[in-house]
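For reference, the structure is listed below as structure tokens.
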Amino acid sequence: MTEPTEPCTSSSLARDSSTVIHPRREPFEHGLLPIPRLIFSDPAQTLISLKRKLLQLSSNQRVGSAAISEALQISIEHARLVLDTLASILHSDSEPLVAAKLDEADSVGVDVHDLLLFLYIQSYKRLLPRTHKDSAAVADVWPSTSAFDGYLSALSPLQLVRSNSRRFMPSQTDEEAHQLSFLQKHLANILSLLAEPVDGEGVEYLVLTMERFEHLGFLIQFGDKGSEGNSFSQFSPFFANSDPDMPAVPVPATQVQDWLLQNIAAALEYISERTSSKENGPASPSDHDVAMTDACGASVNKVSTSTRGASFIEGISKSSYMKHAPDIKGSTVKVLNCHESAIYILAPLRYATVYGCSDATIVLGAVGKAVRVEHCERVHVIVAAKHICIANCRECVFFLGVNQEPLIVGDNHKLQVAPYNTFYSELEKHMDEVGIVPTVNRWDEPLALGMVDPHDSLSHPAGVSDVQAESAMQVDPDQFTYFVIPNWFEGESTGSTKSNPFTLPDAYMASQNKNQKNLGEIRQLLREAPLEESRKRELSSALHVYFRDWLYASGNIRQLYFLQGD
């Protein structure tokens with residue numbers, strides 16, 4: 001039996017960053033699905049029963065979409081979505097589901113215990129943005145066109161920027177404390193899903209083997225950078241010095257619970273102390289846990305890296321902005337509250353979030369795990385990614401090179417999707433680094449789930465939860481155009497990509513060929529036209545007028561303004 005661990009004080013834990021416990025944000029940010037059958041009013045009892053059923057359906061403690069569909073009584077399509085989502089948020093790159101090829105994920109399946117933890121956190125409720133005190137002052141910029149407005153969590157990005165309500169949104173610190181509190185409250189139930197019963201002196205009690213303990217790494221990490229190749233168990237006093245050639249002695253679940261609760265309490269105290277010091281001290285320009293300045297006026301260019309390895313690009317307004325791979329710290333990027341701008345993040349990433357942006361063009365390089373675009377208005381997003389989720393957006397266009405179905409949830413209006421339409425010199429290299437397959441593009445297979453997000457903390461009228469989200473229309477091939485990234489942004493790049501790595505569908509390729517042919521014919525006619533110099537100048541002037549009118553009508557004029565601003 002493992003010796004009891006010594007009680008640890010909050011001060012000893014919280015002052016050493018390598019021992020501070022954190023929730024893994026990825027399951028909470030990218031792993032919550034608005035599928036009612038995945039959410040249980042009593043997850044502990046329901047999932048213990050479900051665990052037995054899943055294990056009966058498996059010979060190796062792994063299950064594919066057929067078993068998930070049968071056990072949860074959901075469609076095969078939703079069961080595959082569960083598998084794809086898990087593959088994007090699991091904590092270990094050596095996990096077979098994470099390492100599986102696109103066509104092998106179903107046969108590889110997911111470990112039953114990872115699936116149980118994933119299902120448990122579906123009962124998590126996100127923190128809500130706090131509403132602005134003067135809601136009437138911003139009502140004019142976001143008309144209530146939905147019958148369900150007032151019940152949904154969507155806020156117009158224009159409301160956000162006009163009211164300076166960034167300070168009313170949950171900060172990264174608030175969200176982390178909220179997630180830790182959820183884990184603290186439910187820890188006993190979570191451990192019961194992983195533990196095994198044993199008999200000891202006539203009394204049955206629960207124990208955790210080292211293998212089962214490792215699954216906690218799905219929800220929890222130590223230090224700012226996580227395990228970085230080390231197993232989660234090596235951060236515990238129970239298994240840290242275990243002989244790899246000898247099976248480790250199982251540990252009583254109550255002992256693990258006490259140790260984790262001590263760490264969580266210490267982390268919450270540390271967060272409280274840090275928040276208090278920020279409130280009483282001067283604000284740091286790169287502090288993303290304090291109020292942001294108003295981004296309405298000029299360009300803010302507020303960019304920083306958090307201690308958890310995410311790069312934040314926030315408050316960019318009326319300008320263009322470029323970052324290459326060497327400029328990005330960590331593997332996660334969050335683009336927040338940017339307006340009337342062109343933003344280029346040409347780097348290989350694991351996760352990306354675009355939140356609260358409007359009237360902008362955002363190009364994300366290659367995102368190997370998941371992208372989430374939320375609360376955006378009139379934004380063009382161009383991205384090569386494994387998986388994308390679009391939530392509560394309006395009048396946005398998505399040019400996608402995606403290996404999985406685009407997921408559409410929440411209160412969306414007038415969304416459009418189109419095939420990927422750009423490239424930069426290192427794109428194929430970045431795609432290869434993060435595992436995106438250029439021969440598979442499911443841009444035209446959007447999957448719409450519920451209009452209401454059951455993970456928010458709002459009350460919803462009866463029946464609304466059954467309403468499906470508005471899906472996306474495909475961009476007409478005749479309206480499709482290539483997007484050219486200004487080459488002076490490329491610098492001294494030595495990449496080999498010379499064209500779009502994703503093959504255009506036939507209709508879009510035919511339209512592009514027709515446009516090129518028409519352009520060539522017009523050029524030839526202009527060159528051969530027997531016009532006097534004065535008539536040539538009149539023709540040139542007329543063409544400029546029509547081109548200017550097209551720039552304004554299409555909204556592309558803002559791209560010239562962005563470049564002019566630089």
Side-chain angles (χ1 to χ4, degrees), residues 320 342-344 346 360-367 371 378-385 388 390 395-403 405-406 414-431 436-446 471-490 493 495-528 542-560 562-563:
S320 56
I343 296 171
Y344 308 88
L346 309 185
T361 296
I362 299 171
V363 182
L364 301 172
V367 186
V371 178
R378 295 187 304 277
V379 169
H380 287 195
V381 176
I382 305 173
V383 62
I388 186 170
I390 302 162
E395 301 179 44
C396 295
V397 186
F398 299 86
F399 297 88
L400 304 176
V402 288
N403 292 164
E405 300 168 311
K414 298 181 181 180
L415 302 184
Q416 295 184 76
V417 292
Y420 194 74
N421 68 338
T422 194
F423 70 93
Y424 58 94
S425 63
E426 294 189 308
L427 176 58
E428 287 172 301
K429 174 187 173 184
H430 292 167
M431 289 171 59
I436 298 171
V437 181
T439 56
V440 176
N441 190 0
R442 303 181 68 181
W443 68 273
D444 57 345
E445 304 175 41
S471 192
M473 302 291 291
Q474 294 183 17
V475 170
D476 187 294
D478 290 335
Q479 300 299 317
F480 176 85
T481 57
Y482 279 111
F483 182 85
V484 179
I485 298 172
N487 57 14
W488 58 82
F489 283 150
E490 291 266 20
S493 175
S496 60
T497 301
K498 304 298 181 183
S499 62
N500 186 349
F502 295 95
T503 302
L504 277 183
D506 291 343
Y508 290 85
M509 181 61 75
S511 178
Q512 291 301 297
N513 290 337
K514 182 182 70 174
N515 292 341
Q516 289 294 327
K517 181 182 177 182
N518 291 342
L519 179 61
E521 292 175 350
I522 291 172
R523 285 174 171 171
Q524 185 69 19
L525 287 172
L526 291 175
R527 280 195 296 265
E528 296 176 354
L543 289 173
H544 279 292
V545 169
Y546 280 115
F547 180 60
R548 184 191 62 192
D549 291 345
W550 174 81
L551 284 174
Y552 279 102
S554 65
N556 288 318
I557 188 66
R558 68 175 184 252
Q559 296 183 34
L560 297 184
F562 302 155
L563 299 177

Output the distance between atom SG (Cys396) and atom CD (Gln416), rounded to the nearest 0.5 Å.
-> 10.0 Å
Heavy-atom nearest pair, Phe502 first then Val440, reads CE2-O, 4.0 Å
Mind checking what makes side-chain contact (heavy atoms from CB on, under 4.5 Å) contact with Ala366, not counting sequence neighbours?
-> His430, Met431, Val434, Ile436
Quick one: OH on Tyr344 to OG1 on Thr361, what's the gap to the nearest 0.5 Å?
-> 7.0 Å
Which of these passes side-chain contact (heavy atoms from CB on, under 4.5 Å) with Ile382: Ile362, Thr422, Leu364?
-> Thr422
Decide, yes or no, whether a salt bridge links Glu405 with Arg442 under the criterion of side-chain N to carboxylate O below 4.0 Å.
-> yes
Only pairs at least two apart or in different chains count here, so list each salt bridge (charged side-chain N to carboxylate O under 4.0 Å, His left out) that has a residue in residues 476-485.
-> Asp478-Lys514
In terms of heavy-atom contacts, Val371 and Ala385 come closest through CG2-CB, 3.8 Å
Between atom CD1 of Ile390 and atom CG of Leu400, what is the distance when rounded to the nearest 0.5 Å?
-> 6.0 Å
Looking at Tyr482 and Gln512, what are the two nearest heavy atoms and their distance?
-> CD1-OE1, 3.4 Å
Run through Phe399, Tyr420, Trp443 and flag the one making a ring pair (Phe, Tyr, Trp, His ring centres under 6.0 Å) with Tyr508.
-> Trp443
Spatial distance of atom CG (Leu427) from atom OG (Ser496) [nearest 0.5 Å] = 10.0 Å
Rounding to 0.5 Å, atoms CG (Asp444) and CD (Gln474) come to a distance of 5.5 Å
Ile388 to Phe398 - nearest heavy-atom pair and separation | CD1-CD2, 4.4 Å
What are the two closest non-hydrogen atoms of Thr481 and Asn421, and how far apart are they?
-> O-ND2, 3.1 Å
What distance do Asp549 atom CG and His544 atom NE2 have between them, rounded to the nearest 0.5 Å?
-> 13.0 Å
Could you tell me which non-hydrogen atom of Pro446 sits nearest to which non-hydrogen atom of Ala472, and how far apart they are?
-> CG-O, 4.4 Å
